[in-house]
Every structure is written in C-alpha cells, then in structure tokens.
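We're numbering straight along the sequence, starting at 1.
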Amino acid sequence: MESCGNRRSFDDFEDHLTQYLKDAKQIALLLDYDGTLSPIVAHPDLATIPLETKALLEDLSAVPNIFLAIISGRNTDNVKQMVGIDNIVYAGNHGLEVIYPDGTKYVHQLPTEFSNQVKQLIANLEQSVVRDGAWIENKGASLTFHFRATPEEKRTEIENTARQIIEKAGFKVGNAHMALEARPKVEWNKGSVALLILDRHFGANKWKGNVKVIFAGDDTTDEDAMLALKGNAATFRIAPTVDVKTHAEKLLSSTQAVVTVLKLVKKLAKK
C-alpha cells in the first residue's frame, strides 16, 4: 500500500469520477456499510443509515444500468436489515456469505472444526478480556472484539491480550475501529467476494472493461477489495488523515463525502 500524504488530498474526486463515468453503459456500486454509509458510532446497533443516504441508494437501485451491492463485516441478515433495500446484493462477514435479491445465497466453506473453535475462542476471551466495557459480537462466520467503551488507559493492555488470544486460537486478526476482527483462516476476503459478485452478475470477467465499477470503504478489510479491483474500478477510502496507506485512488473525508459521490453517480448515470 502507498501513503497518500504527498499525492492526494481529501474529496478531490469530482473530475476524476466524471471522467471515469463518461459514456458509461453499466455501473456497479460496491459499498461498505459501517464508516462508509453510516458513521462510526459507539455500538453497531446505533449505526443507522442516514435518511438522505438511504433515499439515494433506493434511487440508484432503481436505475436500470446500475448494479448495487453492500459488502460488510456484519452478517448478511443484519446489514440487510440496517440498509433495508430489497433489490440489491448483500455480502456479510467480509464476504463469507452473500444473499442475492432472488433469495439465493453463497456461503463460503469453513473448516469442519470451525464451530467448536469459535466457542472456545469466545470462552477464552470472556475469561480474560471481556471487562471494562469490552465485549464480543458473534457474527456466526466471524466475530468482533469491541473495546471502544474501554477506558483509554486500559485499551492497550486489553487489545494486546485479545490479539494474542485470537491468534493462539488459530484465527486471522483484523484491525477495525476500536475493535479486532477474528476471522477463519481461509483465503477469502472482501476482494474475493467483490470479484465473485461481479462475475455472477455480469459473467466471468465480462465486466472488466465493460462495466464502470466503483468501490468505497473505510477500513483495512476494505483494502482487499481495492487491491483486487485495481485497474478495473474507481476506488475510494474514507480516512481520518491523508497520510493513510491505501490502495484506493481517492480519499474521502467522511460519510457525507460518500453521499456527494452517490449524488454524482446518480447525476451522471441519467445522462
């Protein structure tokens, strides 16, 4: 990944996106949820999608030449409930599960011992680090250890201990916003599922060069999708600083900047 500090600034995307979507016949919008469509908040249950953002997504989902998918770390049922739009694709657990508008599903195969491993991991975390406001979000195919509510002076110790426990249990550890993601050690991520979704909808590799793909995300897990789509998409990273290391082409300063991107897509798609 490259640092954006000397090359890029926030929200300088309008000319870039306008040129990218020039004469676009088909557009695919692939979007993260938390921190992208919804601001980061103290608890995942509070991360509701702003009414303006939801209205824009509903409008975009109704445009015939726009394909829309949400790719989230949440489980599919939860992110679908949070977004609340029926005729789009939802990928959850960082791509380990997908639900399509017709009700069909994709579930990535996990090790046979995975269920027992999760139970043991939860027990170990509960015994050692579920305290001082830290808690576990069990998402089925993955789990998240949250420590946002932990007093600042205790966060480092709790985070480091939790990381060690997760790694010792044989899980991948991913960094999130004041949280750690524990995912199974399988070669599958948001980049893998982005390619799967595009291939399924447009035909294997047929979207490359023919579909204008746009991806936006705010987290390190979204970098997998930005890398997988490199050269075949316009990619955006919502970040707190221009010095962030990212595979994204452009930086966005906030979820409100994402709204501006969506408005521009809506405007250009109808031309």
Side-chain angles (χ1 to χ4, degrees), residues 2 4 7-33 35-38 49-50 52-72 83 85 87-91 100-101 190-191 193-219 222-239 242 244 246-271:
E2 301 176 24
C4 295
R7 301 188 299 111
R8 300 170 188 163
S9 59
F10 281 130
D11 304 338
D12 63 341
F13 58 82
E14 187 165 350
D15 289 344
H16 172 72
L17 192 55
T18 300
Q19 185 62 33
Y20 179 68
L21 293 179
K22 185 180 178 182
D23 302 323
K25 292 180 174 60
Q26 292 181 301
I27 299 171
L29 272 173
L30 310 180
L31 306 168
D32 175 44
Y33 183 75
T36 302
L37 297 176
S38 169
I49 188 168
E52 180 185 24
T53 308
K54 181 172 180 178
L56 267 170
L57 292 176
E58 287 176 334
D59 290 346
L60 289 165
S61 70
V63 178
N65 68 328
I66 292 181
F67 169 74
L68 180 57
I70 310 298
I71 303 177
S72 173
V83 176
I85 300 174
N87 59 326
I88 66 175
V89 174
Y90 294 94
Y100 296 97
K190 284 189 175 184
V193 83
L195 299 179
L196 173 79
I197 289 169
L198 291 168
D199 281 348
R200 185 185 189 275
H201 186 76
F202 296 104
N205 292 318
K206 291 182 179 179
W207 53 275
K208 294 180 180 179
N210 298 309
V211 179
K212 298 296 185 179
V213 180
I214 298 168
F215 179 88
D218 76 307
D219 212 336
D222 297 305
E223 292 291 336
D224 293 320
M226 296 169 193
L227 180 59
L229 295 168
K230 206 172 187 71
N232 293 296
T235 53
F236 299 89
R237 172 80 184 262
I238 301 89
V242 293
V244 68
T246 181
H247 294 293
E249 293 179 332
K250 294 291 180 179
L251 291 178
L252 302 178
S253 59
S254 65
T255 54
Q256 191 56 42
V258 177
V259 171
T260 306
V261 169
L262 297 178
K263 286 180 177 178
L264 185 57
V265 172
K266 179 181 175 182
K267 176 184 174 183
L268 295 172
K270 291 189 174 181
K271 281 190 174 183

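- Aromatic pair F67/F202: ring centres closer than 6.0 Å.
- Contact of the L262 side chain with the D59 side chain is not registered, since no non-hydrogen atoms from C-beta on lie closer than 4.5 Å.
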Test salt bridge (charged side-chain N to carboxylate O under 4.0 Å, His left out) on E52 and K263; report intermediate values, then the result. CA-CA 10 Å; E52 180 185 24; K263 286 180 177 178; 2.8 Å; yes
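- K212 is not listed as a side-chain neighbour of Q26, based on a closest heavy-atom distance of 4.5 Å or more.
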Would you sort out whether I27 and V211 count as a side-chain contact (heavy atoms from CB on, under 4.5 Å), showing the intermediate values? CA-CA 6 Å; I27 299 171; V211 179; 5.8 Å; no
Verify salt bridge (charged side-chain N to carboxylate O under 4.0 Å, His left out) between D222 and K190, making sure each step is shown before the conclusion. CA-CA 6 Å; D222 297 305; K190 284 189 175 184; 2.7 Å; yes
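- At a threshold of 4.5 Å between non-hydrogen side-chain atoms, the residues R237 and H247 do not count as touching.
- In this structure, D15 places its CG atom where only 12 or fewer heavy-atom neighbours from other residues, nucleotides or ligands lie under 6.0 Å away.
- Side-chain N or O atoms of D11 include one that pairs as donor or acceptor with a backbone N or O of S253 at under 3.5 Å.
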Apply side-chain contact (heavy atoms from CB on, under 4.5 Å) to residues I70 and L37 and explain how you reach the verdict. CA-CA 10 Å; I70 310 298; L37 297 176; 3.7 Å; yes
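- Of all heavy-atom pairs spanning T53 and V259, the tightest one is OG1-CG2, 3.4 Å.
- With a 4.5 Å cut-off on side-chain heavy atoms, F215 and M226 count as touching.
- The CG atom of L229 lies 10.0 Å from the CD atom of E249; values are rounded to the nearest 0.5 Å.
- Side-chain contact between T260 and F13 is present, with at least one heavy-atom pair separated by less than 4.5 Å.
- Side chains of W207 and N232 form a contact here, defined as non-hydrogen atoms less than 4.5 Å apart.
- A 4.5 Å side-chain heavy-atom check between I214 and L30 finds every atom pair outside the cut-off.
- Nearest heavy atoms, P101 versus V89: CD-CG2, 3.8 Å.
- To the nearest 0.5 Å, atoms CG (L21) and CG (L17) are separated by 4.5 Å.
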Step-by-step side-chain contact (heavy atoms from CB on, under 4.5 Å) determination, I85 to Y90: CA-CA 10 Å; I85 300 174; Y90 294 94; 3.8 Å; yes
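- For G191 against A228, the heavy-atom pair with the smallest separation is CA-CB, 3.7 Å.
- Of the inter-residue distances, the one linking H16 atom NE2 with L264 atom CG reads 11.0 Å to the nearest 0.5 angstrom.
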Yes or no on side-chain contact (heavy atoms from CB on, under 4.5 Å) for T235 and K230, after CA distance, side-chain angles and deciding distance? CA-CA 8 Å; T235 53; K230 206 172 187 71; over 6 Å; no
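- Between V244 and A239, the shortest heavy-atom contact is CG1-CB, 3.7 Å.
- In this structure, L31 CG and L68 CG are separated by 6.0 Å, a value rounded to the nearest 0.5 Å.
- Nearest heavy atoms, S72 versus D32: CA-OD1, 4.1 Å.
- Between F10 and L252, the closest side-chain pair of non-hydrogen atoms is not below 4.5 Å.
- Among all heavy-atom pairs drawn from G217 and T36, the shortest one is CA-OG1, 3.4 Å.
- We find the CG-OG distance between L56 and S61 to be 10.5 Å, quoted to the nearest 0.5 Å.
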